[in-house]
Amino acid sequence: MQIITTQKALQEQVEACKRLGKTIGLVPTMGALHEGHASLVRKSVEENRVTFVSVFVNPTQFNNKEDLLKYPRDINKDAELLASLNVDFLFAPATEEMYTDEELNTTFSFDFGGLDQVMEGKMRPGHFNGVVQIVSRLFTLVQPDRAYFGEKDYQQLAIIRRMVQVLDFNDIQIVGCPIVRESSGLALSSRNQRLSAEEKAIAVNISHILFESRQLTQSQSVAQVQSWVIEQVNRVQGLTVEYYEIVDQTTLMPVQDFSHAIGCITVYCGPVRLIDNIKY
Ligand code: PAF
């Protein structure tokens, strides 16, 4: 595996691959890699001749400075894992390589068509502007045939799908990959590293309650199931729901019934903000 840190070297490698007609898979990440990322990487290695993985803790998508500072980083461990998965290129640039000072201090503008007005977008103003800013830049640099994203960040995936249409990246196939869970049910997340053993045991309740809510969809309305989940999670000592919304899987708008619906939750477990979702 070759490690690249500059945009210029990245473009040279991409051009060499393109000249040889090799298909390219891209897995954008912020590092602190876990089995969820590994599942995206395996799929890319399987489906493309060459795989590029980016590891970049993108400052413009953090609306909370503390969260950015505390975001787990371990590039050596990440590189080891990626090499073992047969990744061809790891792109790990410094912040200065990706952004000018002006870019760092200006919110990137994009027409979200309303997708940023709900859930994560509502709670984390500017977050998705930063996501679109970095992902569109990576798409321009790498020009992948396929790009891989986890369904755990479901709203992000919906926004990336819109982005390829609006910004004309139509040649790039967006591949959404299912959530990977611990055997306990807890959705894998880089932020889980910040949970104590005790908090982790508490956090397991989130997925259990979501799974249980599937049983209620025959007899209860969307509003009732939504309230039930919020009440059950808040009842667990140590968990506080920020939001739970049952929305359409494509438009992310409120739904009246469970066909094509997804429930998206954000919960504080102590100081750690966890997200999860369930398709009904
Ligand atoms: O999902 C993530 O880790 C990030 O939001 C992404 C897509 C790598 C952009 O920084």
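Counting convention: from 1, in listed order, for ligands and their atoms alike.
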Which residue and heavy atom of the protein sit nearest atom 9 (C) of ligand 1, plus the separation: Gln61 OE1, 3.3 Å
May I ask you to identify the nearest protein heavy atom to atom 3 (O) of ligand 1, giving residue, atom name and distance to one decimal place in Å? Met30 CG, 3.6 Å
Write out the residue and atom name of the closest protein heavy atom to atom 5 (O) of ligand 1, then the distance separating them to 0.1 Å. Gln156 OE1, 2.6 Å
Do we see a donor-acceptor contact under 3.5 Å between the side chains of Asn48 and Tyr148? yes
At a 4.0 Å threshold, what atoms of ligand 1 neighbour a non-hydrogen atom of Ile134? 9 (C), 10 (O)
Side chains of Glu97 and Thr6: donor-acceptor distance under 3.5 Å anywhere? no
Apply salt bridge (Lys or Arg N to Asp or Glu O under 4.0 Å) to Arg42 and Glu46, showing your working. CA-CA 6 Å; Arg42 281 194 199 98; Glu46 220 173 87; over 6 Å; no
Looking only at distances, please establish whether an N/O atom of ligand 1 is found under 3.5 Å from an N/O atom of Thr29. no
With heavy-atom distances below 4.0 Å as the criterion, list the atoms of ligand 1 near Pro28. 8 (C)
Establish, from distance only, whether the side-chain atoms of Glu103 and Thr60 form a donor-acceptor pair under 3.5 Å. no
Is the Phe110 to Phe112 ring centre distance short of 6.0 Å? yes
